[in-house]
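Comments concern the structure below.
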Amino acid sequence: VITADTGTPVPGASVVLIASGGTGETLRTDEEGRFETSDLPRGFERLRVTKAGFVELVFPRSLADVPLPTSASFELRLVRAGVIAGRVVDSNGDPASGVAVSALQTAYLEPGQRMLAPRRTVSTDDLGLFRLYGLQPGSYFVVAVPEESDQLDLPSTATFIGARKGVVRTFFPATPTEGEAKALLL
């Protein structure tokens, strides 16, 4: 297991060999990013690699019909995960705690029907700080919504619903409208 950007080994990555039914064997990469097993789980279907600071890799989506050799050597490249961090303040400049902050990406449910789909949501802490981590490279919009608000629904195909009186959602950089929001590129 190596990094996609530099090709350096990724020691301590978790490698899970997943069998049908969700069971499997968990291995760790060594200092050179290598792992090995002498016995693939019965019904082996896929391989999942995770490491803090990297995007999860599932390779391939299904191995059910792929003939596997008794010995193989191959490279798995992990992409470094992106982070969006910041601070939310109220209209007086004081920290806003308990605010839901979401990283959103453009998605299309049907041709021409654009939606903003949440990829990760966190709450601000007592200092108004947030950290959205583990994001795949791409373009993201950031929105802050007070948690008692019903303005953000979080299924994978979420869209915004009508504003509640006295509650304001805010897109980066400090605008209440999606059309004026600026995307961040990771």
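Distance check: S139 OG to L184 CG gives 7.5 Å after rounding to the nearest 0.5 Å. Note: I84 CD1 to L186 CG = 4.5 Å, rounded to the nearest 0.5 Å. Put simply, CZ on F171 and CD on E178 are 5.0 Å apart, with the number rounded to the nearest 0.5 Å. A distance of 15.5 Å separates CE in M115 from CD in Q105, rounded to the nearest 0.5 Å. Note that CG of L57 and OG1 of T50 are 10.0 Å apart. Values are rounded to the nearest 0.5 Å. To the nearest 0.5 angstrom, L135 atom CG is 10.5 Å from R119 atom CZ.
Counting heavy atoms from C-beta on, the side chains of P95 and D126 never come closer than 4.5 Å. The shortest side-chain heavy-atom distance between V83 and R131 falls under the 4.5 Å cut-off.
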One pair to check against side-chain contact (heavy atoms from CB on, under 4.5 Å): T106 and R114. What are the steps and the verdict? CA-CA 7 Å; T106 301; R114 179 181 176 269; 3.6 Å; yes

Should F54 and V49 be marked as a side-chain contact (heavy atoms from CB on, under 4.5 Å) after you check the CA-CA gap, both sets of side-chain angles, and the distance that decides it? CA-CA 9 Å; F54 293 90; V49 183; over 6 Å; no

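Closest approach of T8 to T6, counting heavy atoms only: OG1-OG1, 3.0 Å. Contact between S102 and T121 at its shortest, heavy atoms only, is OG-OG1, 2.7 Å. In plain terms, the two heavy atoms of A144 and V99 that are nearest each other are CB-CG1, 3.8 Å. Across G12 and K51, no two heavy atoms sit closer than the pair O-CD, 3.9 Å. Smallest separation of non-hydrogen atoms from D5 and R80: OD2-NE, 2.8 Å. Closest heavy-atom contact between P173 and K182: CD-CG, 3.4 Å.
Under a 3.5 Å cut-off, the side chain of R120 and the backbone N or O of Y133 do form a donor-acceptor pair. Judged by distance alone, the side chain of S97 and the main-chain N or O of T124 form no donor-acceptor pair under 3.5 Å. Remark: side-chain polar atoms of N92 are not paired, donor with acceptor, to backbone N or O of D94 under 3.5 angstrom.
F130 and V89 fall into different hydrophobic clusters, where Ile, Leu, Val, Met, Phe, Trp and Tyr side chains are chained together by heavy-atom contacts under 4.5 Å. V10 and V55 fall into different hydrophobic clusters, defined by Ile, Leu, Val, Met, Phe, Trp and Tyr side-chain heavy atoms under 4.5 Å apart, directly or through other members. No continuous path of ILVMFWY side-chain contacts below 4.5 Å connects I2 to L78, so the two sit in separate hydrophobic clusters. Taken together through direct or relayed side-chain contacts under 4.5 Å among Ile, Leu, Val, Met, Phe, Trp and Tyr, L129 and V101 form parts of separate hydrophobic clusters.
Other residues, nucleotides and ligands contribute more than 12 heavy atoms inside 6.0 Å of the CZ atom of R87. The environment of E36 atom CD is sparse: at most 12 non-hydrogen atoms of other residues, nucleotides or ligands sit within 6.0 angstrom. The 12-atom threshold is exceeded at CD of Q113, counting heavy atoms of other residues, nucleotides or ligands nearer than 6.0 Å.
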